[in-house]
Amino acid sequence: MDVLIVGAGPTGLTLGIDLARRGVEALIVERAEALFPGSRGKGLQPRTLEVFDDLGVLQAIRAAGGPVPMRMIWKDGERVGEQPMFDKAEADAGTPYAEPWMVAQWRTQEIMYARLLELGGRVAFGHEVTGLEQDAAGVTVRFADGTTARAGYVVAADGGRSVVRRAVGVGMTGEPVDPAPFLVADVRLRGLDRGHWHAFPGPEGSGVMLCPLPATEDFQLAGRFPEGTDLDLSLDGVRKIVAEYTHLDAEDVTELRWASDFRPRAALADRFRVGRVFLAGDAAHVHSPAGGQGLNTSVQDAYNLGWKLGAVLRAGAPDSLLDTYAEERRANAAAMLNLSTGVHRGEVRRGKATMQLGLGYRESSLSVETRRDPTGVRAGDRAPDGTVSGVRLFDVFRGPHWTLLGADAPAVGVRALPTAPASYGPGVFLIRPDGYVGWTGEAADGVGAYLAGVGV
Ligand SMILES: Cc1cc2nc3c(=O)[nH]c(=O)nc-3n(C[C@H](O)[C@H](O)[C@H](O)COP(=O)(O)OP(=O)(O)OC[C@H]3O[C@@H](n4cnc5c(N)ncnc54)[C@H](O)[C@@H]3O)c2cc1C
C-alpha cells in the first residue's frame, strides 16, 4: 500500500479523499468502531469552504449547515444585547465565500466519509495503531490486535494525543492557554430560540454558551468554569450547569448526546516529518477552540500534503517535495496558535485573520516569483476566484491538476487559460493543485523547468 492514514477525523478523511481522486492506494485506519459523534469543530472558515468546493463536498456541506447566528447575551433571565460573533465581510468576485458556515463536526465527517466511499476510498474501523518501525523502503505499522500493515508512507491524523507522534519520538512545545476547565456537550433542550448563539456570562470569567446546531435539533453547550471545578459529564451534571448559569430549569435539558472536557493549551509538534511519517491536524498542533481554527487548519494540512504525496508516488517527483509540507504547514500552524490564543484571551477579534483567506506561502521554497516588478497576486498567494471570458476560475481549478493562467498549456496534466484574469495583475500565473500560486513570470519561459521539478 502507498499511504496508511491513521485516524478518520477531518484530517484523515480530507487526505483520503484527495489521494483517492489521485489514484493513490491509501487506507485510513481508525481506532473507533464508527465516526466521531460530537459537534466540536462546528465553524467552517471561508478558506475551508473553497477546499470543500474543490473536493466535491461543498453542496452537501451547504445543505447541512447555516450561517453563524448573532450572539444573544442574557442576564437574570433577560435579553440584554445582541452582538455579531465576527467582523462582517462581503463576498466579491475573488472571494465567493466571505463568512464562516456552521455545521456540526460529526455531520461534516459523515459528508466527507460519503465522498471518500464514492471515490473508492476506505476506512478500516476498529483498528488501533500502537506503534511503528520504518526503514529505507517503507513503514511497518503495529495494531492493538497484534497484526501489522506495511505502507510506503504513514500520516499521523490521530489527533492531539497522537500515538504515531510518540512512536516517532516527536515532542510538542507549547504552553497552557487557560488554567480553567472547559466543557463541550451536545444537548437537546426546550426554552431557547434557535436563531441566536445564547451567552450566559457568570462570575469571574466563567459562563456558558448555547449554540443551535443547524439542520439538527441539538445545541452545542460550551462552558468555562472556575479553576478547581470538578466537571460532571453526565446528563445530571450538565443539567445542574444549565440550571446554575441560565434561566432554564434542569429538566429543560431533555437529552445529552455527547460531552467532553478539556483545558486549552497551545502546542506545536517539533517536526512535521520524520522520514516516511508525516504529522497532520491535531497530531501536529493543539490549541484553544476559540476562533474556530482547529478543524480548518487540519483540513488544510491534509490538502497541502495530498497533492505532494500524489506527485511523488504517481509522477516521480523528488522526495524533497515532501519536505515542503513541513516547511509550509509548520510555519502556518505556528501563526495559527498565536491567533487562537489571542482570540481566547480576548486580544484578537474573530474576523479577517480567522477566516484564513489571507494565508499563503510567499516564503516557501516552492513559491517562485520571476517577474521583475510584481504587482497584484504574488507567488505563494492564494489564487483568488474571478472570471475570464465568462469562465469561472474556481471551475477551472477544480480537480487534482495544475492550472496555467496567461499562456498555453506547457505540459500534459496542466490546464490552461491563455488569457490571465485582469484582477491578478500583469503576468503569467501557475496555480498549484491546492489553489496557491506556485510560479509567476512575465511570460511562460521557465515554467516548464518549475513543473519538471514537481513531477509534471
Ligand atoms: C473539546 C473540543 C472542542 C473543539 N472545538 C472546536 C471548535 O469550536 N472549532 C474548531 O475549528 N475546532 C474545534 N476543536 C478542534 C477540532 O475538533 C479538531 O481540530 C479536529 O477534529 C482535528 O481533526 P483531526 O482529524 O486532526 O483529529 P481528530 O478529529 O481528533 O481525529 C483523530 C482520529 O484518530 C483516531 N485515533 C486516535 N488514535 C488512534 C490510534 N492509535 N489508531 C487509530 N486511530 C486513532 C480517533 O479515534 C479520531 O477519530 C475542538 C476540539 C476539542 C477536543
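Only heavy atoms go into these numbers, but all of them, side chains included; no hydrogens, no water, no symmetry mates.
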**Message:** Would you say that Asp282 contacts Ser298 through its side chain, given a criterion of any heavy-atom pair below 4.5 Å between the two side chains?
**Reply:** yes

**Request:** With rounding to the nearest 0.5 Å, note down the distance linking CZ in Arg31 to CZ in Phe125.
**Result:** 13.5 Å

**Request:** Taking the side chain as every heavy atom from C-beta outward, state whether Leu58 and Tyr97 have any pair of such atoms under 4.5 Å apart.
**Result:** yes

**Message:** For the backbone of Thr48 and the side chain of Asn296, can you confirm whether one donor and one acceptor N or O come within less than 3.5 Å of each other?
**Reply:** no

**Message:** Under 4.0 Å between a side-chain nitrogen and a carboxylate oxygen: does that hold for Asp2 and Arg314?
**Reply:** yes

**Prompt:** If you look at every heavy atom in Thr370 and Gly441, which pair is closest and at what distance?
**Reply:** OG1-CA, 3.1 Å

**Prompt:** Hey, are Arg21 and Asp54 close enough for a salt bridge, meaning a charged N less than 4.0 Å from a carboxylate O?
**Reply:** yes

**Message:** When you measure from the side chain of Gln109 to the backbone of Ala8, do you find a donor-acceptor pair of N or O atoms at a distance under 3.5 Å?
**Reply:** yes

**Message:** Could you check whether Tyr325 and Tyr153 have their ring centres less than 6.0 Å apart?
**Reply:** no

**Prompt:** With a 4.5 Å heavy-atom cut-off, do Trp307 and Leu321 have their side chains touching?
**Reply:** yes

**Distance-minimising heavy-atom pair for Ala180 and Arg263** = O-CG, 3.7 Å

**Request:** Report yes or no: does Arg165 contribute a side-chain atom to a donor-acceptor pair with the main-chain N or O of Ala283 at less than 3.5 Å?
**Result:** yes

**Candidate list Leu337, Thr173, Val286, test side-chain contact (heavy atoms from CB on, under 4.5 Å), partner Leu268, passing option** = Leu337

**Prompt:** Should Met85 and Pro100 count as side-chain neighbours, where that means a heavy-atom distance under 4.5 Å?
**Reply:** no

**Request:** Identify the heavy atoms of Pro318 and Gly453 that sit nearest to each other, and give their distance.
**Result:** CD-O, 3.3 Å

**Message:** With no hydrogens and no angle check, just 3.5 Å: does a side-chain donor-acceptor pair link Arg150 and Thr140?
**Reply:** yes

**Message:** Just verifying a value: how many Å separate His401 NE2 and Ile431 CD1, rounded to the nearest 0.5 Å?
**Reply:** 10.5 Å

**Message:** Between Gln220 and Ser39, is there a side-chain donor-acceptor contact under 3.5 Å, judged purely by atom types and distance?
**Reply:** yes

**Message:** Under 4.0 Å between a side-chain nitrogen and a carboxylate oxygen: does that hold for Arg273 and Asp323?
**Reply:** yes

**Asp218/Arg188 salt bridge by N-O under 4.0 Å criterion** = yes

**Request:** Would you indicate whether the side-chain heavy atoms of Thr440 and Val377 approach each other to under 4.5 Å?
**Result:** no

**Message:** I'd like to know whether CD of Glu255 has more than 12 heavy-atom contacts from other residues, nucleotides or ligands below 6.0 angstrom.
**Reply:** yes

**Asked** Could you state the interatomic distance from CG (Leu357) to CD (Gln45), rounded to the nearest 0.5 Å?
**Response** 8.5 Å

**Residue pair Tyr303 / Arg329, side-chain heavy-atom distance below 4.5 Å** = no

**Item:** Trp402 and Leu451: CA distance, side-chain angles, deciding distance, side chain to side chain contact (heavy atoms under 4.5 Å, CB included) verdict
**Value:** CA-CA 9 Å; Trp402 292 73; Leu451 282 165; 4.1 Å; yes

**Request:** Begin from the C-alpha positions of Arg398 and Asp53 and carry the test salt bridge (Lys or Arg N to Asp or Glu O under 4.0 Å) through to its verdict.
**Result:** CA-CA 8 Å; Arg398 193 176 301 116; Asp53 183 350; 2.8 Å; yes

**Message:** Looking at Asp301 and Gly281, would you say the former's side chain and the latter's main chain have a donor-acceptor pair under 3.5 Å?
**Reply:** yes

**Prompt:** Taking everything shown except Glu363 itself, do over 12 heavy atoms lie less than 6.0 Å from its CD?
**Reply:** no

**Request:** Tell me, with the steps shown, if Asp381 and Arg362 meet salt bridge (Lys or Arg N to Asp or Glu O under 4.0 Å).
**Result:** CA-CA 6 Å; Asp381 289 356; Arg362 278 194 190 182; 2.7 Å; yes

**Message:** How close do Arg22 and Pro433 get, counting heavy atoms only, and between which atoms?
**Reply:** NH2-CB, 3.6 Å

**Item:** Minimum heavy-atom distance Ser162-Ala156, with the two atoms named
**Value:** OG-CB, 4.0 Å

**Message:** Please check this pair: side chain of Trp101 against backbone of Ile61, looking for a donor-acceptor N/O pair closer than 3.5 Å.
**Reply:** yes

**Message:** Whether Lys308 and Glu327 form a salt bridge (side-chain N of Lys/Arg under 4.0 Å from carboxylate O of Asp/Glu) is what I want to check.
**Reply:** no

**Prompt:** About how many Å separate CG of Leu116 and CE of Met112, when rounded to the nearest 0.5 Å?
**Reply:** 9.0 Å

**Asked** Under 3.5 Å, is there a donor-acceptor pair between the side chain of Thr354 and the main chain of Gly351?
**Response** yes

**Asked** At what distance, to the nearest 0.5 angstrom, does CG of Leu55 lie from CG of Asp18?
**Response** 6.0 Å

**Asked** Is the backbone N or O of Gly41 less than 3.5 Å from a side-chain atom of Gln105, with the two atoms forming a donor-acceptor pair by type?
**Response** yes

**Prompt:** Looking at Asp158 and Val164, what are the two nearest heavy atoms and their distance?
**Reply:** OD2-N, 3.1 Å

**Prompt:** Where does the angle between the aromatic ring planes of His344 and Phe182 fall among parallel (under 30°), tilted (30 to 60°) and perpendicular (over 60°)?
**Reply:** tilted

**Asked** Between Arg271 and Gly169, is there a donor-acceptor pair closer than 3.5 Å when you use the side chain of the first and the backbone of the second?
**Response** no

**Request:** Please check if the side chain of Thr341 supplies one atom and the backbone of Asn338 the other of a donor-acceptor pair under 3.5 Å.
**Result:** no

**Message:** Has Gln356 got a side-chain atom pairing as donor or acceptor with Arg47's backbone, closer than 3.5 angstrom?
**Reply:** no

**Request:** Evaluate side chain to side chain contact (heavy atoms under 4.5 Å, CB included) for Val343 paired with Arg350, printing each intermediate quantity in order.
**Result:** CA-CA 7 Å; Val343 174; Arg350 293 169 179 83; 3.9 Å; yes

**Asked** Would Lys42 and Asp186 pass as an ion pair if we require N to O under 4.0 Å?
**Response** no

**Prompt:** Can you check whether Ser260 reaches Arg40 side chain to side chain, under 4.5 Å on heavy atoms?
**Reply:** no

**Prompt:** Does atom CG of Asp145 have more than 12 heavy-atom neighbours from other groups under 6.0 Å away?
**Reply:** yes

**Message:** How long is the straight-line distance from CD1 of Ile111 back to CG of Leu13, given to the nearest 0.5 Å?
**Reply:** 11.5 Å

**Message:** Contact between Leu417 and Thr403 at the side-chain level, heavy atoms closer than 4.5 Å - yes or no?
**Reply:** no

